[in-house]
Amino acid sequence: MIAPILRNRADLRAQTAIWRKADETIGVVPTMGALHQGHLSLARAARKKCDRVIVTIFVNPMQFNDPDDLRNYPRTEDADARKLESIGVDLIYVPDADQIYPHGFATTVSVSGLTDMLCGEARPGHFDGVATVVSKLFSQTSADFAFFGEKDYQQLQIVRRMAMDLDIPIEVIGCPTIREEDGLAMSSRNLLLSDRARVYAPVLAEVMESLREKLLAGAAMGDIYPESEARIMAAGFNKIDYLEMRDGVDLSLLQKAKPQARLFAAAWLAGVRLIDNIAV
Ligand code: AMP
């Protein structure tokens, strides 16, 4: 059965109040829709852990720093609802914009430090938009558990920090990145790639894998970066926003591999910005 779709927070609150009264745990999976196996893996993890599962779909204007990107973002609500059917989620929350940003909305949640680098540097304001909408979804759903993908690893760390700092009583659970067979990390943005660009997109993950091997063998990032950059650009990418090794917890920049080190990359291919990260 397709789960009920609710579009306003009063209806959502009425439903979660019933679940709370029955002492049922609630898991939330925040998404922007155009669901793929990566999103569905989060919904499955929630289904396994929680009595009740809410998937939210909201293309959050506040986290887009480029109006074209917002306009072109894929929207596939009917197909999304059908995909969630097989998992048996309890409710799909697709808030109307005024349910998140009512008239006169004036508050921004801003996490400092973790947002200064990587995507925070390349997309000014992006993580303020994420932290603001996620804090609202946490309070609107009153969930006990929230499921986020490691695919957006910086986002996961920022959301954890935000929930901790604001005393939001929710446990944030990170789930592994789901990939296509050729290694490309699944992303709603992959739908925007032309057939030709799609062929070359996996090169980003391939380069990261070979970087990892060299780093584990003792190489310094600075020494092997130029060759990796050249390989990515030769595959037809137009621009690399970053290709860096950082600590997996505080995201500080690293030159040499160490426990908890991760590689992070963001690069543009034919007008589409792809991101990826792997544990070293
Ligand atoms: P989005 O719809 O892109 O905002 O993503 C919603 C959630 O799905 C976020 O927690 C993402 O990290 C997660 N997600 C996106 N792609 C993947 C993937 N390939 N594997 C695992 N989780 C993912």
Side-chain angles (χ1 to χ4, degrees), residues 29-32 36-39 41-42 45 63 65 111 113-123 126-127 129-131 134 146-162 172-190 193 200-217 219-222 224-225 227-229 231-233 235 237 239-269 272-280:
V29 180
T31 81
M32 296 204 298
H36 50 64
Q37 287 300 328
H39 299 113
S41 74
L42 305 184
Q63 73 188 70
N65 49 328
V111 179
L114 292 172
T115 53
D116 295 344
M117 61 203 83
L118 301 172
C119 285
E121 211 176 347
R123 303 181 67 189
H126 168 66
F127 285 123
V130 170
V134 169
F147 297 80
F148 284 82
E150 287 183 348
K151 153 86 186 343
D152 301 281
Y153 192 89
Q154 185 179 16
Q155 167 175 283
L156 170 63
Q157 297 306 93
I158 289 166
V159 167
R160 284 194 165 127
R161 183 80 253 166
M162 180 273 291
V172 176
I173 297 176
C175 303
T177 302
I178 306 297
R179 296 177 180 278
E180 303 287 356
E181 265 176 28
D182 59 12
L184 176 66
M186 288 189 186
S187 165
S188 307
R189 286 200 167 79
N190 295 352
L193 291 169
Y200 295 105
V203 169
L204 190 63
E206 283 163 32
V207 168
M208 292 172 81
E209 281 298 332
S210 65
L211 264 174
R212 164 166 59 188
E213 278 169 29
K214 288 174 189 149
L215 289 162
L216 284 176
M221 193 63 192
I224 50 181
Y225 180 87
E227 181 197 332
S228 307
E229 179 189 35
R231 240 180 102 188
I232 292 168
M233 298 307 282
F237 281 78
K239 183 173 175 253
I240 298 174
D241 278 348
Y242 55 79
L243 175 59
E244 295 171 348
M245 180 166 54
R246 289 183 176 266
D247 182 89
V249 177
D250 64 17
L251 302 185
S252 59
L253 201 56
L254 300 174
Q255 271 298 321
K256 292 269 197 164
K258 68 166 207 186
Q260 297 195 336
R262 293 189 84 86
L263 276 167
F264 294 87
W268 290 85
L269 177 61
V272 182
R273 186 172 182 273
L274 300 178
I275 65 169
D276 202 347
N277 72 93
I278 56 170
V280 175

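Values in this document were obtained by computation on a predicted structure and should not be read as measured data.
The side chain to side chain contact (heavy atoms under 4.5 Å, CB included) search around R231 returns E206, V207, S210, not counting sequence neighbours. Annotation: side chain to side chain contact (heavy atoms under 4.5 Å, CB included) contacts of A45 (sequence neighbours excluded): F147, C175. A search for side-chain hydrogen bond (donor to acceptor under 3.5 Å, both in side chains) contacts involving D182 returns R198, not counting sequence neighbours. In this view, E121 satisfies the salt bridge (Lys or Arg N to Asp or Glu O under 4.0 Å) rule with no residue, not counting sequence neighbours. The side-chain hydrogen bond (donor to acceptor under 3.5 Å, both in side chains) check on E229 picks up nothing, with sequence neighbours excluded. Under the rule for a salt bridge (Lys or Arg N to Asp or Glu O under 4.0 Å), the partners of E244 that lie at least two apart in sequence or sit in another chain are R246. Residues passing the salt bridge (Lys or Arg N to Asp or Glu O under 4.0 Å) test with D247, sequence neighbours excluded: K258. Taking E209 as the reference, R212 meet the salt bridge (Lys or Arg N to Asp or Glu O under 4.0 Å) condition, with sequence neighbours excluded. Here K256 pairs with A220 under the side chain to side chain contact (heavy atoms under 4.5 Å, CB included) rule; sequence neighbours left out. Partners of Q157 by side chain to side chain contact (heavy atoms under 4.5 Å, CB included), not counting sequence neighbours, listed by chain and number: L114, Y153, R160. Scored by the ring pair (Phe, Tyr, Trp, His ring centres under 6.0 Å) test, H126 finds no partners at all (sequence neighbours excluded).
With respect to R179 and D276, a salt bridge is recorded, a charged nitrogen being found less than 4.0 Å from a carboxylate O.
Under the 3.5 Å distance criterion, the side-chain polar atoms of Q154 are matched with a main-chain donor or acceptor of C119. Although no hydrogens or angles enter the test, the distance criterion places a donor-acceptor pair under 3.5 Å between the side chain of Q255 and the main chain of G222.
Atom CD1 of I232 is separated from atom CG of L204 by 5.0 Å, given to the nearest 0.5 angstrom. Taking CG of L118 as the start and CZ of F127 as the end, the distance is 7.5 Å to the nearest 0.5 Å. The CE atom of M233 lies 9.5 Å from the NZ atom of K239; values are rounded to the nearest 0.5 Å. Atoms CH2 and CD1, from W268 and I240 in turn, are 13.5 Å apart once rounded to the nearest 0.5 Å.
Applying the salt bridge (Lys or Arg N to Asp or Glu O under 4.0 Å) test to pairs two or more places apart or on separate chains, those with a residue in residues 148-157 are E150-R262.
Residue-environment remark: OH (Y200) stays at or below the threshold of 12 foreign heavy atoms within 6.0 Å.
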